[in-house]
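Let me begin by presenting the structure, written as structure tokens, before commenting on it.
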Amino acid sequence: MCQNNGSSASKLVALLVCLFGCLTVGAASGDFADDASLSAVCPVAYQLDQSPSSRGYHYSFFGNAFFINEQGYLLTAAHVLETFRDGGQPYILVSRPNSPPRLLQAAIVAVDSEHDVAILLATPNPFAGNHKVAFLPLAPDPAFRGQSVIALSLHPPKLQNAHTFEVPREDRSSSEVLSYESTQLEKSAPAADVFLLSHPVTLGQSGSPVLALDSRAVVGLVEGRWLRSSAASIAKSSSLSSSTPGAAIPIRYAIALLQRQSISWHTPQSPPSVLPAR
């Protein structure tokens with residue numbers, strides 16, 4: 001099974017419990033994960049108060065989303081938004097140059113629970129204002145076994161006492177694609193594909209983009225920890241750690257949802273080389 005990083009409860013206690021649905025700090029890859037890439041990533045939050053204190057707004061943290069175009073559309077994992085199904089308003093925390101981060105409302109545009117992907121729209125559009133934002137291209141080709149990838153994420157310095165004036169910390173988790181597996185991402189739903197990552201997912205990474213190192217394009221979204229027995233080929237690989245691998249949602253599911261909503265996205269300027277067969 002694949003353990004999601006999120007909660008479906010609607011009460012404040014459940015909001016705080018959702019803090020366990022996020023990420024581990026991985027190996028850094030500074031040559032690739034530049035500021036522009038990280039500027040596309042935003043923490044998904046629930047605002048806990050109506051007016052700011054000396055530390056800004058108090059919020060609960062649920063995971064990550066990332067921009068896919070200059071119109072302010074974002075992608076995230078659908079389970080990151082489960083707590084908001086009862087009417088709660090999700091926010092994203094957006095960086096600003098020479099100013100503290102700012103919470104922006106994020107409208108839920110579309111959700112595909114069977115494949116655990118969702119589309120958000122930031123309001124107002126941060127690309128039209130004084131914000132430090134960028135978008136990430138989506139890969140036209142699927143991730144393949146052995147491919148080098150990196151997951152980019154942000155999380156508050158204090159997970160259980162987060163405030164907007166505190167600059168989020170960066171997580172850059174380098175890994176490789178291990179294999180494709182089939183699992184149910186939603187109860188009573190048909191089986192869907194995920195691909196496994198050689199880095200473990202624990203705190204802060206749900207909904208984060210998984211980028212290919214060669215094309216710098218998104219090949220998937222972080223789903224959670226893979227708790228089922230891995231394929232024999234994974235067990236025999238000497239290059240892997242003994243920790244529980246992470247699971248990612250192939251970007252093709254998100255692209256299909258974007259197409260159904262007639263929402264545009266970007267592809268890499270230089271397409272990756274021919275991929276080996278899986």
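The first residue of the sequence shown is numbered 1, and numbering continues consecutively from there.
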**Asked** Do E181 and S179 have side-chain N/O donor and acceptor atoms under 3.5 Å apart?
**Response** yes
**Message:** Is it true that S53 and H58 share a donor-acceptor pair across their side chains at a distance under 3.5 Å?
**Reply:** no
Are [X] and [Y] close enough that some pair of their side-chain heavy atoms sits under 4.5 Å apart?
X	Y	value
Q147	D214	yes
L121	I263	no
T164	P100	no
L154	L93	no
I150	L213	yes
V177	V210	no
H266	N69	yes
D193	R252	yes

**Message:** F84 vs F62, test: ring pair (Phe, Tyr, Trp, His ring centres under 6.0 Å). Steps then yes/no.
**Reply:** CA-CA 11 Å; F84 302 101; F62 289 95; 5.3 Å; yes
Nearest 0.5 Å, please: how far is [atom2] in [Y] from [atom1] in [X]?
X	Y	atom1	atom2	answer
T76	L81	OG1	CG	5.5 Å
L138	I255	CG	CD1	5.0 Å
S153	R172	OG	CZ	11.0 Å
T123	L104	OG1	CG	8.0 Å
I251	F195	CD1	CZ	8.5 Å
Y46	Q89	OH	CD	9.5 Å

**Asked** Out of L221, D116, V80, which residue meets the side chain to side chain contact (heavy atoms under 4.5 Å, CB included) rule with S206?
**Response**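 Only match with S206 under side chain to side chain contact (heavy atoms under 4.5 Å, CB included): V80.
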Side chain [X], main chain [Y], donor-acceptor under 3.5 Å:
X	Y	value
N130	R96	no
S198	S175	no
Q184	A189	yes
D112	A254	no
Y180	A143	yes

**Message:** side chain to side chain contact (heavy atoms under 4.5 Å, CB included), that's the test. Do V219 and L211 meet it? Break it down for me.
**Reply:** CA-CA 6 Å; V219 293; L211 285 73; over 6 Å; no
Considering all heavy atoms, the nearest [X]-[Y] contact:
X	Y	answer
L74	A122	CD1-N, 3.9 Å
S182	W226	O-CH2, 4.2 Å
P97	K132	CD-N, 3.8 Å
I249	A77	CD1-CB, 4.3 Å
V201	G246	CG2-CA, 3.8 Å
H115	Y253	CD2-CE2, 3.3 Å

**Item:** Partner of F67 under ring-ring contact (aromatic ring centres under 6.0 Å, His included), chosen from F127, Y73, F135
**Value:**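 Only one option passes, and that is F127.
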**Request:** Any chance you could lay out the side chain to side chain contact (heavy atoms under 4.5 Å, CB included) test for L75 and L257, step after step, and finish with the verdict?
**Result:** CA-CA 10 Å; L75 292 175; L257 186 61; 5.9 Å; no
**Prompt:** Given the rule in the side chain to side chain contact (heavy atoms under 4.5 Å, CB included) test, do D171 and Q205 qualify, once you have shown the distances and angles that lead to the verdict?
**Reply:** CA-CA 8 Å; D171 291 303; Q205 205 167 8; over 6 Å; no
**Request:** Assess whether side chain to side chain contact (heavy atoms under 4.5 Å, CB included) is satisfied between D49 and Q47, documenting all intermediate values.
**Result:** CA-CA 6 Å; D49 49 22; Q47 184 175 308; 4.3 Å; yes
**Prompt:** Taking the six-membered ring for Trp, are the ring centroids of Y91 and Y57 within less than 6.0 Å of each other?
**Reply:**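 When the ring centroids of Y91 and Y57 are compared, they turn out to be at least 6.0 Å apart.
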**Request:** Following the transitive rule for hydrophobic clusters with a side-chain heavy-atom cut-off under 4.5 Å over Ile, Leu, Val, Met, Phe, Trp and Tyr, establish whether V94 and L48 coincide in one cluster.
**Result:**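 Per the 4.5 Å side-chain linkage, V94 and L48 are co-clustered.
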**Item:** Same apolar cluster (I L V M F W Y, side chains within < 4.5 Å links), L159/F165
**Value:** no
**Request:** Would you indicate whether R55, at its atom CZ, is surrounded by more than 12 heavy atoms from other residues, nucleotides or ligands within a distance under 6.0 Å?
**Result:** yes
